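Input: a single structure, listed below in structure tokens.
Note that the structure is predicted; figures quoted are calculated from it, not measured.
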Amino acid sequence: MFFDDFIKLILLSQSHNGWYTPEQVYFAIKSWAAALTEENITKWLSQYATEFAQDDKTEKNVALILAGNIPLVGFHDFLSVLVTGNKALIKTSSNDQHLLPFLAKYLIFADESLKDKITFVEGKLENFDIVIATGSNNTARYFEYYFKDKPSIIRKNRNSVAVLNGKETKEDLENLGEDIFRYFGLGCRNVSKIFVPKGYSFDAFFEAIFKYQDVIHYEKYANNYDYNKAVFLMSNFKLLDNGFLTIKEDPSYASPISSVFYEFYENIDELQTRLEADAEQIQCIVSNNLIKNSIPFGQTQNPQLWDYADNVDTITFLLTTK
């Protein structure tokens, strides 16, 4: 009943959002399929036995204001509300209005008890107890003011970084390309900044990421590449460029689409300290165990169920908030 319609929706996604190519949407769905095994769900929820036992079982209405930068980016929040026995009042992003409602429709078909637990809201959000909202730094300020009287998780802009030491294999650097180019770099888990040792040569990096060259044939990405490169050149910034990615030395974490910033470091311990100090700006760190709690190259867009956005434990929040 649902399979063929889901295929059609995936193929139509790019007409709803130009960045949602079928390949990218399939990747998002495949990632969720890999995460949502019985073993993973059991492992994820078993750590909350105490919280589930202490929960007063009063159903809470949880307002979810979702982002739309990558396909199904709000699915984890949606799932968290349902598994904690609460009701989801969902305001989707205008950039991602179709995928989650379709999956919700299937869930309700599979379990009718969820029918009263899932509501998609088009107008003003009303009659809610808790808020989980995701947006930019600007919208976060609005959310914080508007929802100041409600318990909330308000997420802002974050970026991900990679730390190299020059000993990475070609496979490592190819996998780093996945962390950079997946979803065209639009996600908070995409690497937008690279830290390299003094004197580092980017030759091996450019050689390894050449396999991603076809990204430039995608019009929206190409337009961003041309525009951002022109802005950099007009500002007389020194660039390294391979025809589909520019890299620029810059202290910022947030680089524009089609560009990655880099920065040199001299001491890995000092860099560790800096990254810890800047933790609120960083979603995840990629390295070959150079930095504490970093993840392997190529895995930024395959988070586990227990890998929470902004390191805020959504399940604990939902179970302990009165």
Side-chain angles (χ1 to χ4, degrees), residues 27 157-216 221 224-225 228-229 232-233 235-304 307 311:
F27 181 89
N157 288 345
R158 290 208 181 203
N159 298 90
S160 297
V161 305
V163 179
L164 311 182
N165 65 358
K167 297 179 182 179
E168 289 76 22
T169 65
K170 182 179 180 181
E171 183 181 6
D172 289 335
L173 296 176
E174 286 180 349
N175 289 335
L176 175 57
E178 170 70 17
D179 296 325
I180 292 170
F181 293 106
R182 175 58 59 192
Y183 303 127
F184 303 105
L186 290 164
C188 63
R189 296 182 69 89
N190 284 102
V191 168
S192 58
K193 174 74 173 279
I194 303 174
F195 289 94
V196 294
K198 281 279 190 182
Y200 182 85
S201 169
F202 281 96
D203 292 348
F205 169 77
F206 275 130
E207 182 181 343
I209 67 168
F210 193 69
K211 64 181 287 187
Y212 300 95
Q213 62 178 312
D214 287 347
V215 72
I216 199 65
Y221 183 92
N224 276 270
Y225 170 80
N228 290 317
K229 181 179 176 180
F232 288 155
L233 291 174
S235 302
N236 289 321
F237 289 130
K238 183 180 177 182
L239 295 178
L240 296 173
D241 176 25
N242 67 352
F244 60 92
L245 180 76
T246 57
I247 61 175
K248 169 179 174 283
E249 187 174 2
D250 195 295
S252 174
Y253 288 109
S255 62
I257 296 170
S258 77
S259 180
V260 168
F261 292 158
Y262 70 91
E263 198 171 336
F264 294 110
Y265 69 88
E266 295 185 7
N267 183 290
I268 196 72
D269 292 330
E270 291 177 359
L271 178 57
Q272 170 89 50
T273 301
R274 173 182 165 184
L275 294 175
E276 289 173 356
D278 292 344
E280 289 196 0
Q281 299 179 58
I282 299 170
Q283 192 63 261
C284 52
I285 301 171
V286 183
S287 79
N288 277 338
N289 294 315
L290 297 174
I291 299 294
K292 186 172 63 177
N293 297 324
S294 61
I295 61 177
F297 294 105
Q299 294 303 308
T300 59
Q301 299 299 346
N302 294 295
Q304 298 290 347
D307 292 331
N311 293 315

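At least one donor-acceptor pair closer than 3.5 Å links the side chain of Glu168 to the backbone N or O of Gly166. Under a 3.5 Å cut-off, the side chain of Asp179 and the backbone N or O of Phe297 do not form any donor-acceptor pair. In this structure a side-chain-to-backbone donor-acceptor pair under 3.5 Å is present from Asp307 to Gln304. Put simply, the side chain of Asn159 never gets that close to the backbone of Ile282: no donor and acceptor are under 3.5 Å apart. Ser235 places no side-chain N or O within donor-acceptor distance of the main-chain N or O of Phe237, the cut-off being under 3.5 Å.
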*Could you check Val260 against Ile180 for side-chain contact (heavy atoms from CB on, under 4.5 Å), going step by step and ending with a plain yes or no?*
CA-CA 8 Å; Val260 168; Ile180 292 170; 3.8 Å; yes
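Atom CG of Leu245 and atom CD1 of Ile209 lie 5.0 Å apart (nearest 0.5 Å). Rounded to the nearest 0.5 Å, atoms CG (Leu176) and CZ (Phe181) are 9.0 Å apart. Interatomic distance, Tyr225 OH to Thr246 OG1, rounded to the nearest 0.5 Å: 7.0 Å. With values rounded to the nearest 0.5 angstrom, Ile295 atom CD1 is found 11.5 Å from Asn289 atom CG. With rounding to the nearest 0.5 Å, the separation of OG in Ser192 from CD in Gln283 is 11.0 Å. Rounded to the nearest 0.5 Å, atoms CD (Glu276) and CD1 (Ile291) are 8.5 Å apart.
Nearest heavy atoms, Glu174 versus Ala208: CG-O, 3.3 Å. In terms of heavy-atom proximity, Pro251 sits nearest to Glu263 at CA-OE1, 3.4 Å. Between Phe206 and Asn242, the shortest heavy-atom contact is CD2-ND2, 3.4 Å.
Atom CD of Glu249 has more than 12 heavy atoms from other residues, nucleotides or ligands within 6.0 Å. The number of heavy atoms from other shown groups lying within 6.0 Å of CZ (Phe210) does not exceed 12.
Cation-pi geometry between Lys193 and Phe261 is not met at under 6.0 angstrom from the ring centre and within 45 degrees of the axis.
Side-chain contact check for Gln281 and Asn157: no donor-acceptor pair (N or O, by modelled atom type) lies under 3.5 Å.
Between Phe27 and Tyr183, the two ring planes are perpendicular [angle over 60°; tilted spans 30° to 60°]. Using bins of under 30°, 30° to 60° and over 60° for the plane-to-plane angle, the ring pair Phe202/Tyr200 lands in the perpendicular bin.
Side-chain contact check for Gln301 versus Asn190: some heavy-atom pair is nearer than 4.5 Å. Using a 4.5 Å cut-off on side-chain heavy atoms (C-beta onward), Val163 and Leu275 make contact. At a threshold of 4.5 Å between non-hydrogen side-chain atoms, the residues Val196 and Phe205 do not count as touching.
Each of Ile285, Asn165, Leu164 was compared with Leu290 under the side chain to side chain contact (heavy atoms under 4.5 Å, CB included) criterion, and only Asn165 meets it.
Looking at residues two or more places apart in sequence or on another chain, you find a salt bridge (charged side-chain N to carboxylate O under 4.0 Å, His left out) between Arg182 and Glu23, Glu178.
When ring centroids are compared, Tyr265 and Phe195 stay outside the 6.0 Å threshold.
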